[in-house]
Protein chains: 2
Amino acid sequence: MLFLEGTSSAHLYTVLSGCGFRYKLLPDGRRQILNYCFPGDFIGLQGSVMQEMQHSIEALSDMVLCVFQREGLWRLFETHAGLSFDVTWLAARSEQILDQQLLSVGRRSAIERCAHLLLLFACRSEELELAGAPNKVRIAITQQHIADTLGLSLVHTNRTLGRLIRNRVIRWKEQEFEILNRNRLAELAGEVETAKAVRPLL
Amino acid sequence: MLFLEGTSSAHLYTVLSGCGFRYKLLPDGRRQILNYCFPGDFIGLQGSVMQEMQHSIEALSDMVLCVFQREGLWRLFETHAGLSFDVTWLAARSEQILDQQLLSVGRRSAIERCAHLLLLFACRSEELELAGAPNKVRIAITQQHIADTLGLSLVHTNRTLGRLIRNRVIRWKEQEFEILNRNRLAELAGEVETAKAVRPLL
DNA sequence: CGGAACTTTGAGTTTCCTCAAAAAATGTGG
DNA sequence: CCACATTTTTTGAGGAAACTCAAAGTTCCG
């Protein structure tokens, strides 16, 4: 599944299962991943509200989406105050996550960025109760995805993750990583873990 | 004027005049500016919707704000579908700008970041019709602000801007800069200028 | 006029990048 | 289950972008 930037997609989606990510490209191919979309997330609000999408979306695993008609958004606001409030809640929340990423990419070192991202994945995973075991996160990404999320090169990302692995802060096997030393990770990220917010169910 | 992170501000604001910026700090003082707030922008949606603000705000000039009660937001959704739609529109728009910044900070070189930011300022300034002369932007920021917006050090920012000035791409005097070669700037930024969106007036 | 804030420049260092290639894992068809 | 192609991870080496420290100019402002 793939939506391309610039297309005026007529739809809004809610992720029911699976996950994917939003990203932007520069003309020469450099890619920046903006955020990840997990179940419960809303996709396409920008495209619904603005003229066209300014980003692209790609799936990491099979996704099941609930589709809304774009024109329906306006009707939703007229007739379902509660739901439209939730839409706005989700928008505010994803803005918060973007804020965090921007802080990370702008001001944290490579190892701090990795620590913060892994912690973010862990938090979201727990929030969704996707987690089988605690501190284990199952997500189908490659190191290239991590590099493009953190604004680092693939090679440097690999070396930095390697450092975390060698120091027994995390473990990384196949499509899953495990946090061995959460305190150390939080210390590196330099941020208090975010209080879990009650998420509305759309 | 200053709002501190973590405080549970009971208010929502619309900027009527003046401008400011949102930012986050790391424990050791590193600062990342998230975005700038110009007239018409909405401040505090996150704080209204989530438990507390995760960022701080600082004014660059005297600001006149229109204050809403936080509890009023829910009532607004119930009674004024049109206005609540606009609130969401503004949220989607600021998310778009955050996306752009994230791309910039993550994947552009120092000179590309500067070019992109200057262009962004110019676009917003024109959109607001604050601009006296075309290609002139009046904004009360220091190079430290630019550095903290772009995730660069002050020294490197200074050298990079110096390069743009020496090459007659821009001019910089006091609280105002002028774009001398807009094409070159756009070329460096590597992005088509965004189509102007019709902004709702709150 | 003097102090504070901001800009500019120099010098040396570090982080992160690119290029290149090997090793390991994954997937595919026979 | 194996041979082969592809993708992903890992390692080495050298280079460039950006950083830090330090200090000198400038401008701003009371």
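Note that the coordinates shown come from a computational prediction; the quantities given were computed from them, not determined experimentally. Within every chain, numbering begins at 1; the chains are lettered A, B, ... in the order of the sequence lines, protein sequences first and strands thereafter.
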Participant: Counting only side-chain N and O atoms of A:Q143, is one of them less than 4.0 Å from OP1 or OP2 of D:dT7?
Facilitator: no
Participant: So which nucleotide from D:dG12, D:dA18, C:dC17 ends up closest to the side chain of B:S109?
Facilitator: D:dA18
Participant: How close or far is atom P of C:dA20 from atom CG of A:L154, stated in whole angstroms?
Facilitator: 16 Å
Participant: B:W172 has an atom CH2; how far is it from atom C1' of D:dT27, in whole Å?
Facilitator: 15 Å
Participant: Of all the choices, D:dT8, D:dA18, C:dT18, which nucleotide is nearest to the side chain of A:S153 once you look at every atom?
Facilitator: C:dT18
Participant: What's the closest nucleotide to the B:H156 side chain, out of C:dG10, D:dA18, D:dG12?
Facilitator: D:dA18
Participant: Rounded to whole Å, please give me the gap between CG in B:L150 and P in D:dA17.
Facilitator: 17 Å
Participant: Could you give the CD1-to-P distance, from B:I141 to C:dC6, as a whole number of Å?
Facilitator: 12 Å
Participant: So which nucleotide from C:dT7, C:dC16, D:dG12 ends up closest to the side chain of B:T142?
Facilitator: C:dT7
Participant: Hey, which of these two, B:R107 or B:G162, hits DNA chain C nearer its 5' end, going by closest nucleotide?
Facilitator: B:G162
Participant: Let's see if you can work this out: which of D:dT11, D:dT20, D:dT9 has an atom nearest to the side-chain heavy atoms of B:V155?
Facilitator: D:dT20
Participant: Are B:F68 and B:T14 close enough, and set up right, to give a side-chain contact (heavy atoms from CB on, under 4.5 Å), and what steps lead you there?
Facilitator: CA-CA 8 Å; B:F68 295 87; B:T14 303; 3.2 Å; yes
Participant: B:R159 has an atom CZ; how far is it from atom C1' of C:dT9, in whole Å?
Facilitator: 6 Å
Participant: Looking at every non-hydrogen atom in both residues, tell me the closest pair between A:Q54 and A:K24 and how far apart they are.
Facilitator: O-NZ, 2.9 Å
Participant: Report yes or no: do A:Q144 and A:D148 form a side-chain donor-acceptor pair below 3.5 Å?
Facilitator: yes
Participant: Report the distance from atom CG of A:L152 to atom C1' of C:dT18, rounded to the nearest whole Å.
Facilitator: 14 Å
Participant: Using atom CG of B:D148 as one end and atom P of C:dC6 as the other, report the distance to the nearest whole Å.
Facilitator: 12 Å
Participant: Roughly, in whole Å, what's the span from CD1 in A:I146 to C1' in D:dT8?
Facilitator: 12 Å
Participant: For the side chain of A:H145 and the backbone of A:T142, is there at least one donor-acceptor N/O pair under 3.5 Å apart?
Facilitator: yes
Participant: Counting C-beta onward and ignoring hydrogens, is there a side-chain heavy-atom pair between B:V15 and B:L65 closer than 4.5 Å?
Facilitator: yes
Participant: Can you tell me if the side-chain N/O atoms of B:N158 get under 4.0 Å from OP1 or OP2 in C:dT8?
Facilitator: yes
